[in-house]
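When a residue number appears, it is its place in the shown sequence, counting from 1. Indexing begins at 1, ligand by ligand and atom by atom, following the structure's order. Just so you know, these numbers come straight off a predicted model, no measurement behind them.
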Amino acid sequence: MPHPLIDKFQRAGQGQVFDFFQLLSPEAQRRLLEEAAEIDLAEVERLTHTLLRPGATEGIDLDGLAPAPYERRPENGGDAAAWSLAKTAGEAALRAGSVAAFTVAGGQGTRLGYDGPKGTFLVTPVKRKPLFQVFAEKILAAGRRYGRPLHWFIMTSHANHAATEEFFAEHHFFGLERPRVHFFRQGRMPAVTLDGKILLETTGSIALSPDGHGGSLRALDRSGALDLMKREGIDTLSYFQVDNPLVRCIDPAFIGWHIMRQSEMSSKMVPKAYAEEKVGHFCTQRGKTIVVEYSDLPMAMQREKVASDQLRYLAGSIAIHLLDREFVRRMAEGGEGVALPFHRAEKKIPTVDAAGRPVKPETANGVKFEMFVFDALPAAKNPVVIETLRVDDFSPVKNAAGVDSPQTCRDDQMRQFARWLRANGVALETDATGKPRLTLEVAPLFGYDEDSFADAWKKLSPPPAIVDALYLA
Ligand code: UTP
């Protein structure tokens with residue numbers, strides 16, 4: 001049966017997508033055509049010619065690469081007065097309502113191996129709150145502190161959109177005002193064979209997967225989120241990942257640096273824990289700020305030291321950014337030198353054989369294309385990188401066990417709560433790593449950072465006894 005879309009795929013050399021079309025029910029045929037319509041064949045063709053050509057994976061251009069400058073924290077020699085001005089400026093922006101929170105939650109979370117949207121994963125040490133609840137309470141608390149409730153944008157994927165919305169509805173939006181929480185789906189890209197042929201996942205569906213966290217820029221635009229921001233007087237998005245409950249998702253000093261410097265995209269760095277740590281590196285090249293992934297930076301450079309025995313490429317990226325609304329629009333609209341590049345990742349992609357039988361490959365049989373949000377940095381005017389403390393901003397849940405796992409994250413949350421308590425005069429016993437001997441948890445609505453915790457703690461009279469499973473709310 002001729003169909004203009006099928007013709008188009010055939011002319012592009014992608015006719016295999018419809019190999020089993022005649023065997024599908026009318027409903028399944030309709031769904032396959034719908035998926036096919038999502039695909040930009042010219043884009044796939046371009047990516048095949050650039051990213052799949054021989055030699056495409058051979059290293060990046062290292063010419064003129066240098067470590068990016070960053071604003072040191074006051075305790076590490078930074079300018080205390082400038083940090084204090086930044087905090088004041090950020091607080092003013094929060095009181096004016098010009099900042100919104102933005103979570104990217106469209107990933108597949110394969111490493112964690114958890115069934116369901118990652119944001120629904122239970123993460124806190126005592127109450128076992130889900131990730132989404134932790135962020136919701138931080139956002140609610142910040143809105144109360146600055147007298148302006150915040151908007152929260154959440155990017156989902158096709159696979160988890162409905163489940164995410166249901167989860168929020170079931171939990172009454174964790175106390176947030178429903179009209180201020182906005183969900184939108186990110187785009188998808190087809191997986192292709194190593195020679196560029198679009199893969200089927202089943203006889204009636206294409207192997208489509210989310211287009212990377214960098215897809216958030218075009219999804220923000222397409223979904224109308226940028227227009228909504230404009231109507232609401234919101235200029236700045238506070239971008240963070242769904243797997244990091246430690247993040248100070250509303251951080252006045254960070255916001256202040258961004259505003260004072262008229263930055264279009266700002267980022268937080270942490271000093272790398274060790275030379276080989278698998279993080280992106282903030283660098284400069286030909287006057288631009290860029291992030292170079294650990295896999296692209298030669299090991300000798302990752303290990304290079306400066307005089308004081310400090311790593312030369314010290315600044316690690318932890319995927320926390322501030323984005324200017326009109327900058328996002330400019331990036332989303334694309335155009336010469338502005339659109340985000342795609343990266344390729346070879347993966348084992350479940351597919352079908354010539355007879356339509358399911359195949360679960362043992363080795364990589366195809367390539368997925370993804371965009372990364374940090375690739376927007378070189379296009380941003382006045383980008384700022386500020387230093388943050390890992391212990392106050394970064395403990396992601398990536399793996400089921402070992403590093404960056406639910407266990408390490410719970411421990412890091414408790415270390416933070418213990419530090420806050422000790423800073424307020426509580427004699428709390430901890431081990432050498434600062435982990436308390438007791439299990440405890442602080443609700444973000446009680447305190448979500450040092451300042452808000454101190455304010456709330458001072459109001460407790462008498463303060464509660466420090467016992468196991470203490471929950472401060
Ligand atoms: P990761 O790079 O950790 O990927 O995402 P992931 O898909 O969550 O996990 P793995 O690699 O399959 O185990 C970092 C952040 O970017 C979001 C994720 O939801 C997470 O918050 N992300 C990633 C998206 O929103 N969309 C994507 O396409 C990819």
Give the residue, atom name and distance (to 0.1 Å) of the protein heavy atom nearest atom 12 (O) of ligand 1. T110 OG1, 2.3 Å
Do Q186 and D211 make a side-chain contact, defined as non-hydrogen atoms from C-beta onward lying under 4.5 Å apart? yes
Starting from atom 21 (O) of ligand 1, locate the nearest protein heavy atom and write down its residue, its atom name and how far away it is, to 0.1 Å. V104 O, 2.7 Å
For Q413 and R410, does a side-chain donor sit closer than 3.5 Å to a side-chain acceptor? no
Tightest non-hydrogen contact, residues M189 and L47, listed as CE-CD1, 3.6 Å
Should G212 be counted as touching ligand 1, given the test is an N or O pair under 3.5 Å? yes
To atom 16 (O) of ligand 1, the nearest of M371, H213, Q108 on a heavy-atom basis is H213
F174 and ring pair (Phe, Tyr, Trp, His ring centres under 6.0 Å): which single residue from W152, F168, F132, F135 fits? F168
Check ligand 1 against K398 and write out every atom of the ligand that is under 4.0 Å from a heavy-atom position of the residue. 1 (P), 3 (O), 14 (C)
So is G215 in contact with ligand 1, going by heavy-atom distances below 4.0 Å? no
Options P396, A219, G109, G106, ranked by nearest heavy atom to atom 9 (O) of ligand 1, top entry: G109
Rounded distance (nearest 0.5 Å) linking atom CD1 of I39 with atom CD1 of I206: 4.0 Å
Is it true that D392 and R419 make a salt bridge, defined as a side-chain N closer than 4.0 Å to a carboxylate O? yes
Parallel under 30°, tilted from 30 to 60°, perpendicular over 60°: which one fits the rings of F374 and F372? tilted
Considering non-hydrogen atoms of the protein only, which is the closest contact for atom 23 (C) of ligand 1, and what is the distance? G107 CA, 3.6 Å
I'd like to know if R31 and E34 make a salt bridge, using a cut-off of under 4.0 Å between side-chain N and carboxylate O. no
Distance filter under 4.0 Å to M155 heavy atoms, resulting ligand 1 atoms: 25 (O)
Under 4.0 Å to a heavy atom of P210 - the qualifying atoms of ligand 1, by number: 28 (O)
Indicate, with yes or no, if the rings of F167 and H171 have centres closer together than 6.0 Å. yes
I need the nearest protein heavy-atom contact for atom 2 (O) of ligand 1: residue, atom name and distance, please. R111 NH2, 3.9 Å
Atom 26 (N) of ligand 1: which protein heavy atom is closest, and how many Å away? Q186 OE1, 2.6 Å
What atoms in ligand 1 come closer than 4.0 Å to a heavy atom of Q241? 14 (C), 15 (C), 16 (O), 21 (O)
With heavy atoms only and a cut-off of under 4.0 Å, state how A105 meets ligand 1: side chain, backbone, both or neither. backbone
